[in-house]
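Structure first, then comments.
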2 protein chains.
Amino acid sequence: MEQSGLSRGIRALWGVEERPRRGPKPTVTVHEIASVAMEIADGDGIQAITMAAVAGRLGLTTMALYRHVDSRSDLVAVAADAALGRPPATSRRAGWRRQVGEWARAELAQLQAHAWVLDVILEGPPAGPNNVAWMDSGMQAIGRTGLDPQSAASALLVVDGFVRSMVGQARQYGPGTGWARALASVVDPDEFPAVSTALEAGTFDDDEAFPSDQDVEFGLSVVLDGIEQLIAAGSRR
Amino acid sequence: MEQSGLSRGIRALWGVEERPRRGPKPTVTVHEIASVAMEIADGDGIQAITMAAVAGRLGLTTMALYRHVDSRSDLVAVAADAALGRPPATSRRAGWRRQVGEWARAELAQLQAHAWVLDVILEGPPAGPNNVAWMDSGMQAIGRTGLDPQSAASALLVVDGFVRSMVGQARQYGPGTGWARALASVVDPDEFPAVSTALEAGTFDDDEAFPSDQDVEFGLSVVLDGIEQLIAAGSRR
DNA sequence: CGCGACTGTGTACGATGTAAAGAGTTAATT
DNA sequence: AATTAACTCTTTACATCGTACACAGTCGCG
């Protein structure tokens, strides 16, 4: 009665499909498919997720996958949801700052373990169960601020944005391929004084482990302080 | 003497290539290529950037493009740099808060006009001239805080992260395809109380124009307040 | 003039996503 | 028990796309 607007793979992840009465039982579940696709991406990046590769590992033909997912992009969506996993239980008794902080650090860890998730091109909001679980967990944490729902949602969005950008930056500036040196050879100090100065000062030199815990805590405290200000100002809006 | 580590297309964008002495003059410049590729992506998304499509619009064969860019991903990188454009001149006399705010709003506007830039899968940090120009502009603005360079860079990163996440969210939650309704049909209120409540309260209902200026100012003030706290605390670290 | 450097072309191939038709399998229906 | 509908997986085929390779034409230096 509801076509639900969700893709086949996502619908299957939610487990709301009634099992068909006739016909052979499927030899694989969407969860298995998602899991295999995730492993492939963990190893070789998102573009390594191909219908043939995933099917092959499952002992199926390429086309058999289409019984479980609508398309490659559905397959990727399903893999991405699997990569998120369930959020850890939060310490419900703690204050909002600690809870939100924990949530952010957990998300960061999860995304860093599967950084290719950032490469997923999404059409529409993520609707997988794990995605929703993280959202729920985050909203519970930020709800402790007492902010009105709209403000809380926006604030959580800022936190999430920070985490994702952190992961993204980590991949880019992390394992230095001599980026700083390459840039130095083309940047004109007169045109780009600030960048040029930073380059000379070594600000961009390959931080072996970027972001360090320090970097994370730094940015996180900036964001959380901002939210604190907001609360103090009495959630207008 | 220097292989510079940059791709052919990016190097050409910087204009540091010495013109070859012999041989026919190229019929197109990398800037033209980038511009055409950008227009294609503006119209039909990043995946519409194909070698054939770009070459076709320029009256070239597919293979001719390889004289100017190394690969498709180089082509996309070059198009993305073009899409950023040059950052607007900032009001240098203003305080840091206003300058950084302007910078962020400008970046937001630019990215919203070419949201596909967020879909670019980057291998290594962005090294195009426009990208560096934005970086320079941002670092000049945040430099006015008086924070030490490392802290300033980290803070700017938070701002940039916020802007990008805002654009990303805008695409996802914006022109509603009935996402909220679809989710409501699968979410169990007992399992995900916070999301469920928000769904019922209409928090996720299609905001016609999301993010509104209000949403942006809201998040931006959170971020800037955080930075202000940091300054007040006397930039430790 | 001719040689070398360079730009663009034509052809070919492999990888990939997916449409279409069919063979085999299971359970409800007769 | 036979039939039939619903379902899963396979086979085959094809269009799209990135790119390697060989080559033809063009310009400037010696």
Side-chain angles (χ1 to χ4, degrees), chain A residues 7-9 11-12 16-33 36-37 40-41 43-80 116 119-121 123, chain B residues 7-9 11-12 16-33 36-37 40-41 43-80 116 119-121 123:
Chain A
S7 68
R8 197 174 210 175
R11 248 180 298 133
V16 292
E17 298 288 83
E18 67 262 26
R19 258 269 265 101
R21 301 195 130 22
R22 307 166 222 217
K25 288 163 196 164
T27 60
V28 295
T29 66
V30 176
H31 291 275
E32 292 175 282
I33 293 176
V36 164
I40 291 176
D44 298 319
I46 195 177
Q47 61 182 1
I49 298 185
T50 73
M51 303 302 277
V54 173
R57 279 217 203 177
L58 290 165
L60 296 178
T61 56
T62 302
M63 292 309 293
L65 282 188
Y66 286 92
R67 286 283 130 196
H68 302 92
V69 297
D70 285 333
S71 61
R72 173 174 187 270
S73 89
D74 192 19
L75 172 62
V76 170
V78 153
W116 55 269
D119 296 333
V120 176
I121 297 183
E123 24 205 80
Chain B
S7 68
R8 200 175 214 181
R11 251 182 294 133
V16 293
E17 299 287 82
E18 66 263 24
R19 257 270 265 102
R21 299 193 134 24
R22 301 159 237 221
K25 289 162 194 164
T27 62
V28 295
T29 65
V30 175
H31 291 276
E32 292 174 283
I33 293 175
V36 164
I40 292 175
D44 299 318
I46 196 176
Q47 62 183 2
I49 298 184
T50 73
M51 304 302 276
V54 174
R57 280 218 204 178
L58 290 164
L60 296 176
T61 55
T62 301
M63 291 310 293
L65 281 188
Y66 286 90
R67 289 281 149 204
H68 301 92
V69 296
D70 285 334
S71 62
R72 174 173 187 268
S73 88
D74 192 17
L75 173 62
V76 170
V78 152
W116 55 268
D119 296 332
V120 176
I121 298 183
E123 26 204 81

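So you know, we letter chains A, B, ... as the sequences are listed, proteins then strands, and number each from 1. What you see below is based on every heavy atom in this structure, not just the backbone, and it leaves out hydrogens, waters and symmetry mates. Worth saying up front: this structure is predicted, and the values here are computed from it rather than measured.
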Please determine which of B:Ile33, B:Val54, B:Val36 meets the side-chain contact (heavy atoms from CB on, under 4.5 Å) test together with B:Val28.
B:Ile33

Reference residue A:Ile49; test side-chain contact (heavy atoms from CB on, under 4.5 Å); the match among A:Leu75, A:Val120, A:Asp44:
A:Leu75

N or O in side chain of [X] less than 4.0 angstrom from [N] OP1/OP2:
{"X": "A:Arg22", "N": "D:dC7", "result": "no"}
{"X": "B:His68", "N": "C:dG8", "result": "yes"}
{"X": "B:Thr27", "N": "C:dT7", "result": "no"}

Testing the basics here: between A:His68 and A:Pro26, what is the closest heavy-atom pair and its distance to 0.1 Å?
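Closest pair (atom of A:His68, atom of A:Pro26, distance): NE2-CB, 3.8 Å.
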
If I take atom [atom1] in residue [X] and atom [atom2] in nucleotide [N], what distance separates them, rounded to the nearest angstrom?
{"X": "A:Arg21", "N": "C:dT25", "atom1": "CZ", "atom2": "C1'", "result": "17 Å"}
{"X": "A:Glu18", "N": "D:dC7", "atom1": "CD", "atom2": "C1'", "result": "13 Å"}
{"X": "B:Leu65", "N": "C:dT9", "atom1": "CG", "atom2": "P", "result": "10 Å"}
{"X": "A:Asp44", "N": "C:dA15", "atom1": "CG", "atom2": "P", "result": "15 Å"}
{"X": "A:Ile46", "N": "C:dT16", "atom1": "CD1", "atom2": "P", "result": "15 Å"}
{"X": "B:Met63", "N": "D:dA20", "atom1": "CE", "atom2": "C1'", "result": "7 Å"}
{"X": "B:Tyr66", "N": "C:dT11", "atom1": "OH", "atom2": "P", "result": "18 Å"}
{"X": "A:Ile49", "N": "C:dG17", "atom1": "CD1", "atom2": "C1'", "result": "14 Å"}

Along DNA chain D (nearest heavy atom to each residue), the more 5'-positioned of B:Arg67 and B:Pro24:
B:Arg67

Please figure out whether A:Lys25 or B:Arg72 has its closest DNA chain D nucleotide nearer the 5' end.
A:Lys25

Per [X] side chain, nearest of listed nucleotides [options]:
{"X": "B:Thr61", "options": "C:dT16, D:dC9, C:dG10", "answer": "C:dG10"}
{"X": "B:Ser71", "options": "D:dC17, D:dC9, D:dT19", "answer": "D:dT19"}
{"X": "A:Thr50", "options": "C:dA20, D:dT19, C:dG17", "answer": "C:dG17"}

So, do A:Arg72 and A:Val76 sit near enough that their side-chain heavy atoms are less than 4.5 Å apart?
yes

With a 4.0 Å cut-off on heavy atoms, is A:Met51 in touch with a base, just the backbone sugar-phosphate, or nothing at all?
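Touches sugar-phosphate only.
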
Is it the case that more than 12 heavy atoms not belonging to A:Glu123 sit under 6.0 Å from its CD atom?
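Count not over threshold, so no.
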
